[in-house]
K.L.:
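My structure is below; once you've seen it, I'll send some questions.
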There are 2 protein chains.
Amino acid sequence: MKLSTKGRYAVMAMVDLARHAQAKPVSLSDIAARQEISLSYLEQLFARLRRAGLVKSVRGPGGGYRLARGSHETRVSEIILAVDEPIKATRCTEMGVAGCRTDRSKCLTHDLWEELGNHIHAFLNSVTLRDVLERRLATHLAEAAALANARPPMVAAN
Amino acid sequence: MKLSTKGRYAVMAMVDLARHAQAKPVSLSDIAARQEISLSYLEQLFARLRRAGLVKSVRGPGGGYRLARGSHETRVSEIILAVDEPIKATRCTEMGVAGCRTDRSKCLTHDLWEELGNHIHAFLNSVTLRDVLERRLATHLAEAAALANARPPMVAAN
DNA sequence: GAAAAACCGACTATGTCGCTCGGATTTAGT
DNA sequence: ACTAAATCCGAGCGACATAGTCGGTTTTTC
């Protein structure tokens, strides 16, 4: 799961789209103006979102985009996976699982990254567009706080 | 909290260092050979780790690096924060907190990213080098699984 | 004095990001 | 039928981070 501003822009745009969903589709120029993102860049992002089946387009004047599913059925993880390049191959995946398993001393951190990836994906998969719109993040906040306190000394984390 | 291969390399090297800690310090050429990372690149990473106070150096032949603290007192989050550039400024931080707070429609996703950042940091801060060495990630695994199942339909996540 | 190591700084190749530009296609309104 | 609004599409570009390389210097042990 890659995390870049690209994914962030896509989520911002999708939240905007969900927020302004009416009978008429929402045009990218409206989103561009509201979110201060370049129109051409948005076009590129929405091309990917459309190919991923997250939005549907309506061409011609008065056209624009609509969510393919309801805002409570569209998960943030899907948006990010749709726009970001597939995750840069780690040394592990280059060597294949076999290479990682056979020589464990070279890849002691494998489990750690896998765990972190699962963690991030689980978090983003648990949040829908509707959650973001309605700011329903309290439960996640509580969970994160609990985790942070699991081991005491929160050493100088800058 | 930025996540790149740079941080991964640093953690790999630090785990290797912790694993091979003896009376004598560990030389970077040994780590470079074992982990298949370029020596010069390792030097750059360890310069930062030293400045961050995570390792101590011994110069001259037979020299090398030692952990500044014990492996159970060195957290993965510290390593990553030491080597990665400060996180790329988001639009939010550019505008300052005020800009984000005053016009909320532009920044509906602010809480989401903040939450995610907390989440990642909390996870990496809960793991020490010793945990990685001894593969003590079971508890984290359980937590991640619980989160993933919090909301039912794990939609096509590629 | 030789050699092993940490230190240091400059340079480079590659790739991604965020974006621009110039179009083409489709379609609603007149 | 014409115009304009919108999606679609591909090429290219400047800036930046990554993952190095290279060539040295300093320190210290033998």
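Below, chains carry the letters A, B, ... as their sequence lines are ordered, and counting in each starts from 1. Please read these numbers as outputs of a predicted model, since none were measured by experiment. Values below: all heavy atoms of this structure, side chains included; hydrogens, waters and symmetry mates excluded.
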K.L.:
Just to confirm, is there a sub-4.0 Å distance from OP1 or OP2 of D:dA5 to any side-chain nitrogen or oxygen of A:S27?
P.N.:
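It does not, given that no N or O in the side chain of A:S27 lies less than 4.0 Å from OP1 or OP2 of D:dA5.
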K.L.:
What is the separation between atom CG on A:D30 and atom P on D:dA5, rounded to the nearest whole Å?
P.N.:
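Checked: the CG to P distance equals 13 Å.
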K.L.:
What are the residues of residues 40-47 of chain A, sorted by number, that bring a heavy atom to within less than 4.0 Å of DNA chain D?
P.N.:
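By residue number: A:E43, A:Q44.
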K.L.:
It should be established whether B:R48 places a side-chain nitrogen or oxygen under 4.0 Å from OP1 or OP2 of nucleotide C:dC8.
P.N.:
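The answer is no; no side-chain N or O of B:R48 sits under 4.0 Å from OP1 or OP2.
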K.L.:
For residues B:S38 and B:S40, is any side-chain donor paired with an opposing acceptor at under 3.5 Å?
P.N.:
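No, because no side-chain N or O of B:S38 sits under 3.5 Å from a partner of the opposite role on B:S40.
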K.L.:
Strictly by modelled atom types, are B:E115 and B:H119 linked by a side-chain donor-acceptor pair under 3.5 Å?
P.N.:
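Absent: no donor and acceptor within the cut-off.
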K.L.:
B:E36 has an atom CD; how far is it from atom C1' of D:dG20, in whole Å?
P.N.:
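So the CD-C1' distance, B:E36 to D:dG20, works out to 15 Å.
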K.L.:
Is it true that A:R34 and A:D16 have a side-chain N and a carboxylate O under 4.0 angstrom from each other?
P.N.:
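Yes, A:R34 and A:D16 are salt-bridged.
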K.L.:
Taking the nucleotide of DNA chain C with the closest heavy atom to each, which residue, B:P61 or A:K24, is nearer the 5' end?
P.N.:
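Here B:P61 is the residue nearer the 5' end.
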K.L.:
Taking NZ, NE, NH1 and NH2 as the nitrogens, is one of them in A:R69 or A:E78 under 4.0 Å from a carboxylate oxygen of the other?
P.N.:
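A salt bridge is present here (some side-chain N lies under 4.0 Å from a carboxylate O).
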K.L.:
Can a side chain N or O of A:S29 be found less than 4.0 Å away from OP1 or OP2 on D:dA5?
P.N.:
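No, outside the criterion.
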K.L.:
With distance as the sole criterion, do the side chain of A:R59 and the base of D:dT7 form a donor-acceptor contact below 3.5 Å?
P.N.:
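When only heavy-atom distances are counted, A:R59 does reach the base of D:dT7 through a donor-acceptor pair under 3.5 Å.
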